[in-house]
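Here is the structure we will look at, set down as structure tokens.
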Amino acid sequence: MKNINDRANDNPKIPLLFSARKVFLLVVMMYTGLLPFVPLRESCLELFMPQVLARIPLFEERLKKKRYSILFWLINRLLMNKALFCHLEKRGIQMEN
């Protein structure tokens, strides 16, 4: 039985999405300056905008607590970075947010 990553190699027309782990690594590489030197197999980045998630009642309740609001603010600042989006666009990676 083939691994899912091996199946993607069978048909290069099928776009690969970034996993949560890869998004974390992407952000780390962006802020350490290593992103331009790392090859990326994925071809699509799909993120939920933190501002939109904040309007969902479940998240609204949690954001009233200080620690969650600080974490939310940090995630928003790290993910919603214009330089990151411009870099990925230049590399031909499609983005949905």
Side-chain angles (χ1 to χ4, degrees):
M1 184 174 206
K2 285 188 171 185
N3 186 339
I4 191 115
N5 291 329
D6 296 333
R7 289 183 188 171
N9 291 335
D10 291 344
N11 189 350
K13 292 181 181 180
I14 298 175
L16 289 176
L17 293 173
F18 282 82
S19 64
R21 180 176 175 264
K22 286 284 193 164
V23 170
F24 175 76
L25 290 173
L26 182 74
V27 170
V28 169
M29 288 185 291
M30 195 310 211
Y31 284 99
T32 59
L34 297 173
L35 188 55
F37 308 107
V38 177
L40 300 172
R41 290 184 52 220
E42 293 80 10
S43 55
C44 291
L45 176 65
E46 195 169 86
L47 295 173
F48 292 106
M49 293 178 67
Q51 298 93 344
V52 174
L53 287 177
R55 296 183 199 141
I56 297 174
L58 174 70
F59 289 102
E60 279 181 339
E61 298 266 336
R62 291 186 177 173
L63 286 175
K64 291 177 183 175
K65 296 180 182 176
K66 181 115 176 133
R67 66 179 177 190
Y68 288 117
S69 64
I70 292 171
L71 180 64
F72 177 81
W73 177 85
L74 181 64
I75 290 171
N76 187 40
R77 288 289 174 190
L78 292 175
L79 287 179
M80 297 295 122
N81 186 325
K82 187 175 180 179
L84 174 64
F85 291 138
C86 288
H87 176 81
L88 294 176
E89 187 177 322
K90 288 178 184 175
R91 288 181 81 161
I93 295 175
Q94 298 174 0
M95 288 168 287
E96 298 284 331
N97 35 346

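Fair warning: this is a prediction, and the values are worked out from it, not measured in the lab.
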side-chain contact (heavy atoms from CB on, under 4.5 Å) for V38 and L25? Distances and angles first, verdict last.
CA-CA 11 Å; V38 177; L25 290 173; over 6 Å; no

[X] [atom1] to [Y] [atom2] distance, which is reported to the nearest 0.5 Å:
X: N81; Y: N76; atom1: CG; atom2: CG; answer: 10.5 Å
X: I56; Y: E61; atom1: CD1; atom2: CD; answer: 13.0 Å
X: M95; Y: E46; atom1: CE; atom2: CD; answer: 12.5 Å

What heavy-atom pair brings E42 and K22 nearest, and what distance separates the two atoms?
OE2-CE, 3.4 Å

Closest non-hydrogen contact found for G33 with P36 is O-CD, 3.6 Å

Do you reckon [X] sits in the same ILVMFWY cluster as [Y], going by side-chain contacts under 4.5 Å, direct or chained?
X: V52; Y: M80; value: yes
X: V27; Y: L71; value: yes
X: L79; Y: Y68; value: no
X: L84; Y: Y31; value: yes
X: F18; Y: F37; value: no

Could you check whether any side-chain heavy atom of [X] comes within less than 4.5 Å of a side-chain heavy atom of [Y], counting everything from C-beta outward?
X: L78; Y: M30; value: no
X: L47; Y: F85; value: yes
X: L40; Y: L88; value: yes
X: I70; Y: K66; value: yes
X: L35; Y: R91; value: yes

Are any side-chain N or O atoms of S69 and backbone N or O atoms of K64, one a donor and one an acceptor, separated by less than 3.5 Å?
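Between the backbone of K64 and the side chain of S69 there is no qualifying donor-acceptor contact (under 3.5 Å).
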
So with a 6.0 Å cut-off around CZ of F24, is the heavy-atom count from everything else above 12?
no

